[in-house]
Amino acid sequence: MWQDNLIKIEPYVAGEQPKKTDFIKLNANENPYPPSPKAAAAIRDFNAETLKKYPSSNAVPLVNAIAEREGLLPENVFAGNGTDDVLSLCFRAFFNSDKPIIFPDITYSFNTVWCDILNIPYETVPVDDNFNINPADYARPNGGVVIANPNAPTSIGRGLDFIREIVRNNRESVVIIDEAYVDFGGTTAVPLLREFDNLVITRTFSKSRSMAGMRLGWAMGSKEAVAAIYAAKDSMNSYPVDSIAQAAGVAAIKDEEYFQATLKKVIATRERLAAELRGMGFALPDSQTNFLFATHPKFSAKEIFEYLKMRDIYVRWFNKPKIDNYLRITIGTDEETNALISALSEFVKR
Ligand SMILES: *Cc1c(COP(=O)(O)O)cnc(C)c1O
């Protein structure tokens with residue numbers, strides 16, 4: 001039967017996108033603030049006439065702007081249509097060994113989706129009871145390593161020594177550090193690029209730069225590693241970053257002041273919400289991201305999730321082993337956070 005030949009894969013499930021508009025959406029780690037006004041101006045002033053031409057296929061202006069900001073050369077940067085696109089190209093470019101690639105059992109769930117679709121063997125490595133990743137667990141034969149730092153959905157970030165230990169133990173394979181959340185207080189591995197040519201770091205515009213709808217992300221690595229990502233892209237997809245996204249991306253990268261101001265607001269709200277949640281009896285690790293990962297000793301996460309949904313507040317609950325009693329709560333505006341706090345404080349008093 002032809003159905004036997006259909007793709008057999010468990011797709012990634014994103015946070016719910018309810019049809020109604022009057023609700024508080026804290027379930028996809030989106031930024032509650034708008035993108036840089038300079039990015040908005042770049043879109044508004046974009047000359048539509050230029051759309052008759054194909055975009056710069058290697059996103060040269062965007063790559064140059066990113067390289068300048070990160071203190072790298074353009075040959076060390078690859079830009080793509082969101083980190084998910086960049087990661088998929090990295091998986092194809094780097095993970096061609098017969099040995100399994102390894103990543104934590106609790107981490108970004110796209111890893112397993114890419115491995116399944118690309119037929120890459122993988123093994124997951126358990127995090128400890130406090131959701132910490134033990135770098136010593138990654139000193140074993142593998143075809144590649146993927147670590148999100150700070151990690152999702154745990155919100156825990158680690159320092160340079162942690163990354164250095166993992167990369168030092170893995171000189172025979174590529175180590176990808178996914179820094180989707182690093183701007184919210186994490187430690188970037190960029191300084192280690194000078195020490196290790198098998199380290200590749202990915203970033204996104206979706207979280208800290210408030211541009212999830214635009215689909216922009218990038219990778220940084222040695223010239224040789226980045227050339228392999230270009231080779232993967234040029235051999236299997238012809239989807240460069242479109243011209244409008246490139247223009248908006250350049251403007252966003254150059255607006256450091258707005259970027260820092262937005263981060264400061266999100267971090268201040270995060271710390272306020274963390275304190276309020278602890279006051280209500282929730283337990284949560286210190287977050288270096290734009291979300292909190294919280295559990296309550298008296299109430300099940302599912303019950304709280306459903307109660308909040310009834311109150312039109314959407315947070316993320318994962319029905320998965322080890323984390324099914326936790327909620328992942330994205331940091332919203334102060335107003336949204338106040339609504340969340342008052343709903344939860346009513347709930348815990350019942
Ligand atoms: C959101 C997220 C991404 C994907 O970002 P996009 O650029 O929107 O594709 C990658 N990794 C982690 C850990 C994320 O949370």
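All heavy atoms count here, side chains included; hydrogens, waters and symmetry mates do not. Start at 1 and go down the list; that is how both ligands and their atoms are numbered.
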Next item on the list: Considering heavy atoms of the protein only, find what lies nearest to atom 8 (O) of ligand 1 and give residue, atom and distance to 0.1 Å.
Entry: S206 OG, 2.6 Å

Check: Just which atoms of ligand 1 are under 4.0 Å from any heavy atom in T204?
Finding: 5 (O), 6 (P), 7 (O), 8 (O)

Next item on the list: Specify whether Y326 and F293 have parallel, tilted or perpendicular ring planes, treating 30° as the upper limit for parallel and 60° as the lower limit for perpendicular.
Entry: parallel

Notebook entry, point to check: G82: heavy atom below 4.0 Å from ligand 1, yes or no?
Noted result: yes

Notebook entry, point to check: Does the ring of F78 carry K233 above it, NZ/CZ under 6.0 angstrom from centre and within 45° of its axis?
Noted result: no

Margin query: With heavy-atom distances below 4.5 Å as the criterion, would you say the side chains of K320 and S109 are in contact?
Written below: yes

Check: Considering only protein heavy atoms, which is closest to atom 9 (O) of ligand 1, and at what distance to one decimal place?
Finding: R215 NH2, 2.8 Å

Next item on the list: Please report the shortest heavy-atom distance between L216 and T204, naming the atom on each side.
Entry: O-OG1, 3.5 Å

Notebook entry, point to check: Does Y181 approach ligand 1 within less than 4.0 angstrom via side chain, backbone, both or neither, non-hydrogen atoms only?
Noted result: side chain

Check: What residue and atom, counting heavy atoms only, is the protein's closest point to atom 13 (C) of ligand 1, and at what distance?
Finding: D178 OD2, 3.4 Å

Margin query: How far is atom 14 (C) of ligand 1 from the closest protein heavy atom, and which atom is that?
Written below: K207 NZ, 3.0 Å

Margin query: Taking the six-membered ring of F259 as reference, does the cationic atom of R209 (NZ for Lys, CZ for Arg) lie under 6.0 Å from its centre and within 45° of its axis?
Written below: yes

Item checked: Smallest separation among heavy atoms of C90 and I176, with atom names -> CB-CD1, 3.7 Å

